[in-house]
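Owing to the predicted nature of the structure, the values given are computational and were not obtained by experimental measurement.
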Amino acid sequence: MTVAIATTDTLKRNWQPIIQALEAAIGKKGVVQKREELLTYECDGLTSYRQTPALAVLPKTTAEVAAVVKICDRFQVPWVARGSGTGLSGGALPVENCVLIVTALMRKILKIDLENQLAVVQPGVINNWVTQAVSGAGFYYAPDPSSQSVCSIGGNIAENSGGVHCLKYGVTVNHVLGLKLVLPDGSIVDVGGQIPEMPGYDLTGLFVGSEGTLGIATEITLRILKSAESICVLLADFTSIEAAGDSVADIISNGIIPGGMEIMDNLSINAVEDVVATGCYPRDAAAILLVEIDGLAAEVEVNKQRVAEICTRNGARSITTASDPETRLKLWKGRKAAFAAAGHLSPDYYVQDGVIPRAQMRFVLGEIEVLSQKYGYKIANVFHAGDGNLHPLILYDNSVPGALAEVEELGGEILKLCVKVGGSISGEHGIGADKKCYMPEMFSETDLETMQWVKQVFNPKGLANPGKIFPTPKTCGEAVREQAAKHFTAVERF
């Protein structure tokens, strides 16, 4: 058993008045203060970085969130918002001596309006619940991260999450019509509305992807879509990942915009088959390409043939097609489980989230392999190929001294490579604590200063999710590890 002992710095603040105020606002059951219970919230999906919050609170309504934020403002306590904790950039990582505002109990679907194709939900609603709530009427919610069965809409809003279908239908921001927000001073405001284009500044677009630094969304108006008349999924397997990448570029250049296009390499294929056992993915393939075509039945039939011809020209060994829902879901099952299945390959993995132009895919995949050999770590590639959103999973063992620092450096080289070829350091995972030191690779000092001005308008005291997105003089890993080291001075083993 390992017990962490807090430092005197952690205990310096008198928390009792704060606890009493929070309990008065949301009830004793809504305030978590026991050390062993707080360990649940010490990290998000980026488990390499950990920091226990001073307190965690679980509000259920907008009014309760506002009351909590006002208390934090009054006592000058930093706070961090957290949804399901599935983020992969340390966006929901607590900071020292903070209050963690957990929206997991805010899980009501408040309104469904099929006539106007919208739904209003609380931030704790799980992504997939939205589609489940409207699918019987022939509608669905398009953004579908791989973690959609567990990730929350509030977290999707914070990180501007994407998913398999973002190629054709866009990421989260393209499906958010309006927001009810609690700002860092505790005031409640509404932005956007119930129609796609509202007059004035796009404050909804500004807030989506701001990673909790501008406030908390407590009610979210989402756009829902009518299900397509026909859907077909194709699985093509290749003897090289470069050939799969060439097929992606050729499909788009031929004017075909699939609902989604995903690539998995051999490491990912075998991990998925070991864990999920779909029986659909050939284990000896260097890569597979999944393509989903949707639309009118006649359009799908034509484009299905065109996609198959393009893949064949690029060397596909075989092509499997599926139009019935059960088989389609089976083909997608492995891709959706790929990140979880990677745990079968290695004790730990470090995932990055860079974006590149599709035309650079062959070059970048080759360079990633060069970096893999240079650093001596295997890299599994599984990614949203259609929009060039790479997700290289660097496999390592965190128990080996120095391994984490090496894979962080390797991940940084991949991000720099993405920027070098005209891409971005994030497609959907956000910046958080993990990638903030790479922001200068993309943005000038003037750009970063301008972003800080915007942040200051909403968050002048810097209490909302401090230390995220923007770079500090230290590297990402150093800054986070130093913060965690301050929190605990000793570890006792029993």
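- Side-chain contact check for Leu177 versus Leu222: every heavy-atom pair is 4.5 Å or farther apart.
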### Query
Can you list the steps and then say if Phe207 with Phe458 is a side chain to side chain contact (heavy atoms under 4.5 Å, CB included)?
CA-CA 10 Å; Phe207 186 87; Phe458 294 90; over 6 Å; no

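- Considering CD1 of Ile414 and CD1 of Ile356, their distance stands at 11.0 Å, rounded to 0.5 Å.
- For Tyr375 and Glu413, the side-chain atoms include no donor-acceptor pair closer than 3.5 Å.
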### Message
For a side chain to side chain contact (heavy atoms under 4.5 Å, CB included) check, start with the C-alpha distance between Trp129 and Ser149, then their side-chain angles and the critical distance, and finish with the verdict.
### Response
CA-CA 8 Å; Trp129 293 359; Ser149 63; over 6 Å; no

Can you list, pair by pair, the side-chain donor-acceptor contacts under 3.5 Å of residues 360-368, counting residues two or more places apart and other chains?
unit_1, atom_1, unit_2, atom_2, d
Arg362, NE, Asp246, OD1, 3.4
Arg362, NE, Asp246, OD2, 3.2
Arg362, NH2, Asp246, OD2, 2.5

### Query
Which is it for Asp387 and Arg358 under the salt bridge (Lys or Arg N to Asp or Glu O under 4.0 Å) test, yes or no, and what are the steps along the way?
CA-CA 7 Å; Asp387 57 349; Arg358 284 185 294 268; over 6 Å; no

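- A pairwise comparison of heavy atoms in Ala81 and Ala92 identifies O-CB, 3.9 Å as the closest pair.
- Counting only heavy atoms from C-beta outward, the side chains of Val400 and Asp397 approach each other to under 4.5 Å.
- The pair Lys468-Glu211 does not meet the salt-bridge criterion, since no charged nitrogen lies less than 4.0 angstrom from a carboxylate oxygen.
- Distance check, rounded to the nearest 0.5 Å: CG of Asp265 to CD1 of Ile241 gives 5.0 Å.
- Of all heavy-atom pairs spanning Asp202 and Gly205, the tightest one is OD1-N, 2.9 Å.
- The backbone N or O of Gly354 lies less than 3.5 Å from a partner atom in the side chain of Asn389, making a donor-acceptor pair.
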### Query
Yes or no on side chain to side chain contact (heavy atoms under 4.5 Å, CB included) for Asp353 and Lys435, after CA distance, side-chain angles and deciding distance?
CA-CA 10 Å; Asp353 166 47; Lys435 292 187 279 189; 3.5 Å; yes

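- Minimum interatomic distance between Ile431 and Ser426 (heavy atoms only, all atoms of both residues): CD1-CB, 4.0 Å.
- A donor-acceptor pair shorter than 3.5 Å can be found between the side chains of Glu262 and His384.
- Rounding to the nearest 0.5 Å places CG of Leu371 at 11.0 Å from NZ of Lys416.
- Under the 4.5 Å side-chain criterion, counting only non-hydrogen atoms from C-beta, Cys418 is not in contact with Ile425.
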### Task
Please test Arg317 against Asp284 for salt bridge (Lys or Arg N to Asp or Glu O under 4.0 Å), starting from the C-alpha separation and ending with a verdict.
CA-CA 11 Å; Arg317 300 186 307 176; Asp284 63 338; 2.9 Å; yes

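- Taking Asp274 as the reference, Arg283 meet the salt bridge (charged side-chain N to carboxylate O under 4.0 Å, His left out) condition, with sequence neighbours excluded.
- Counting only N and O atoms by type, the side chains of Asp447 and Ser444 include a donor and acceptor under 3.5 Å apart.
- Side chain of Glu428 to main chain of Asn160: no donor-acceptor pair is present (N/O by atom type, distance under 3.5 Å, no hydrogens or angles).
- The backbone N or O of His429 sits less than 3.5 Å from a side-chain atom of Ser89, completing a donor-acceptor pair.
- At a threshold of 4.5 Å between non-hydrogen side-chain atoms, the residues Arg328 and Ile231 count as touching.
- When all heavy atoms of Tyr41 and Arg82 are compared, the pair lying nearest together is CD2-NE, 3.6 Å.
- If you take CG on Leu290 and CH2 on Trp332, they are separated by 5.0 Å, rounding to the nearest 0.5 Å.
- Of the possible polar contacts, none joining the Gln51 side chain to the Leu93 backbone as a donor-acceptor pair under 3.5 Å is found.
- Between the side chain of Ser161 and the backbone N or O of Ile157 there is no donor-acceptor pair closer than 3.5 Å.
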#### Entry: side chain to side chain contact (heavy atoms under 4.5 Å, CB included) assessment of Val164 paired with Glu292
CA-CA 9 Å; Val164 167; Glu292 182 169 290; over 6 Å; no

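- Going from atom CG of Leu167 over to atom CD1 of Ile257 covers 6.0 Å, rounded to the nearest 0.5 Å.
- For the pair Arg223 (side chain) and Ile195 (backbone), a donor-acceptor distance under 3.5 Å is absent.
- Considering all non-hydrogen atoms of both residues, Cys166 and Val171 come closest at CB-CG1, 3.8 Å.
- Under a 3.5 Å cut-off, the side chain of Thr327 and the backbone N or O of Ala322 do not form any donor-acceptor pair.
- Cation-pi geometry between Lys436 and Phe470 is not met: the NZ or CZ atom fails to fall both under 6.0 Å from the ring centre and inside 45° of the normal.
- Across all their heavy atoms, Arg50 and Cys43 have their closest contact at NH1-SG, 3.8 Å.
- Donor-acceptor pairing under 3.5 Å is lacking for the side chains of Tyr141 and Ser135.
- Between Arg306 and Asp250, none of the side-chain N atoms (NZ, or NE/NH1/NH2) sits under 4.0 Å from a carboxylate O, so this pair counts as no salt bridge.
- By the 4.5 Å heavy-atom criterion applied to side chains, Tyr281 and Arg335 are counted as neighbours.
- Of the possible donor and acceptor atoms, one in the side chain of Ser346 sits under 3.5 Å from a partner among the backbone N and O of Asp348.
- Here the side chains of Glu219 and Met106 are not in contact, with every heavy-atom distance at 4.5 Å or above.
- Of the residues Tyr349, Phe339, Tyr350, the one that meets the ring pair (Phe, Tyr, Trp, His ring centres under 6.0 Å) test with His391 is Phe339.
- Contact check for Ile216 versus Leu181: no side-chain heavy atoms found under the 4.5 Å cut-off.
- Not a single donor-acceptor pair under 3.5 Å links the side chain of Ser210 to the backbone N or O of Thr213.
- Judged purely by atom type and a 3.5 angstrom limit, Thr278 has no side-chain atom pairing as donor or acceptor with the backbone of Gly334.
- Side chain to side chain, Asn127 and Asp144 fail the donor-acceptor criterion of an N or O pair below 3.5 Å.
- For the pair Leu114 and Ile224, the minimum side-chain heavy-atom distance is below 4.5 Å.
- Annotation: His175 is not in aromatic contact with Tyr169 [ring centroid separation under 6.0 Å not met].
- In summary, the side chains of Glu369 and Gln373 do present a donor paired with an acceptor at a separation below 3.5 Å, with no hydrogens or angles considered.
- Heavy-atom contacts from other residues, nucleotides or ligands closer than 6.0 Å to NZ of Lys455 number more than 12.
- Distance OG/Ser268 to CG/Asn381: 7.0 Å, rounded to 0.5 Å.
- Shown here is Lys168, whose NZ atom has more than 12 heavy atoms of other residues, nucleotides or ligands within 6.0 Å.
- No hydrogens or angles considered: nothing links the side chains of Gln122 and Lys60 as a donor-acceptor pair under 3.5 Å.
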